[in-house]
Structures are given as C-alpha cells and as structure tokens.
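Structure first, commentary second.
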Amino acid sequence: MEEAISTIINSVISSFDFTFCIIVNIATYLIIKAIITTDKFFTSTWFKRIVFLIVCTIISLVYYITGSDIKIIVNSFILAPISWSWIFKPICNKLNIDYKIKDNNETNV
C-alpha cells in the first residue's frame, strides 16, 4: 500500500515543473508591482490576469524551445495561478508585500 501511494505521489510530482510556477509567479508579481498605479485599470483583476497570461506564455515558449516536455509545460501553466492563490499570495499578505493602493484608507487590491 505504501509503495502504491509513493508511486502515485512521484507520478504527480513529476507531472509538474515547480520551478516554472515559481518563475511565473515572481515575474508576474514584479511586473505588476512595477506598473501598478492608483488607476483602476491597472489594479483590476483582469489586468493582473492578462499580465499573468502574457508572462506564462513567454516563459512557456522559452521552456518549449529549450526542450521541455509540452505535457509538463501545460500542467505547470495550469498549476501556476493555483500556486499563487493558495501558497504565494497568503505569504505575501502575511509579509505585507501584496499589491496595495494608498488612499485615505489603505486597501488591498
């Protein structure tokens, strides 16, 4: 039973490139952080998603050109926003380095 569970876990882990997810999330965060302003367009969720898709596509192309398996790239492309929502964003919130707009009262975007 332990061997079967170990095999399943190893199979799942080998289906993703976690470095890809980290690179995509850090690059997206830095790009958004660099261009964010008090303008509502640049703080909208859709703008952030578009930036994510552009960054993810560029990094996916680099991975593909360098010979990575397309299945792993696609799986990692799907995992990257999930890892941001469940892992990296809560860490950024705890460290108080998430995207912020300063008005009369400070609010997270």
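Keep in mind it's a predicted model, so treat the numbers as computed, not measured.
- Taking the side chain to side chain donor-acceptor pair (under 3.5 Å) definition, one finds that Ser83 meets it with Asn25, sequence neighbours left out.
- In this structure, the side chain of Ser76 engages the main chain of Asp17 through a donor-acceptor pair within 3.5 Å.
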One pair to check against side-chain contact (heavy atoms from CB on, under 4.5 Å): Phe18 and Ile23. What are the steps and the verdict? CA-CA 9 Å; Phe18 295 102; Ile23 291 169; over 6 Å; no

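- Legend: residues meeting side-chain contact (heavy atoms from CB on, under 4.5 Å) with Ile9, ordered by chain and number and at least two apart, are Ile5, Ile13.
- Note that the OG atom of Ser15 and the CD1 atom of Ile78 stand 11.5 Å from one another [nearest 0.5 Å].
- A donor-acceptor pair under 3.5 Å links the side-chain atoms of Thr7 to the main chain of Glu3, judged by distance alone.
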Ignoring hydrogens and angles, write down the donor-acceptor pairs under 3.5 Å from the side chains of residues 63-72, residues two or more places apart or on other chains.
unit_1: Thr66; atom_1: OG1; unit_2: Val62; atom_2: O; d: 3.0
unit_1: Thr66; atom_1: OG1; unit_2: Tyr63; atom_2: O; d: 2.9
unit_1: Ser68; atom_1: OG; unit_2: Tyr63; atom_2: O; d: 3.4

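- Under the 4.5 Å side-chain contact rule for hydrophobic residues, Trp46 and Ile32 do not share a cluster.
- A pairwise comparison of heavy atoms in Phe77 and Phe20 identifies N-CE2, 3.7 Å as the closest pair.
- Between Trp86 atom CH2 and Ile91 atom CD1 the span is 14.5 Å, to the nearest 0.5 Å.
- Ile35 places a side-chain heavy atom less than 4.5 Å from the side chain of Phe47.
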For residues 49-61, run the donor-acceptor check on the side chains, cut-off 3.5 Å, and write out each pair with its distance to 0.1 Å, sequence neighbours left out.
unit_1: Thr57; atom_1: OG1; unit_2: Leu53; atom_2: O; d: 2.6
unit_1: Ser60; atom_1: OG; unit_2: Cys56; atom_2: O; d: 2.7

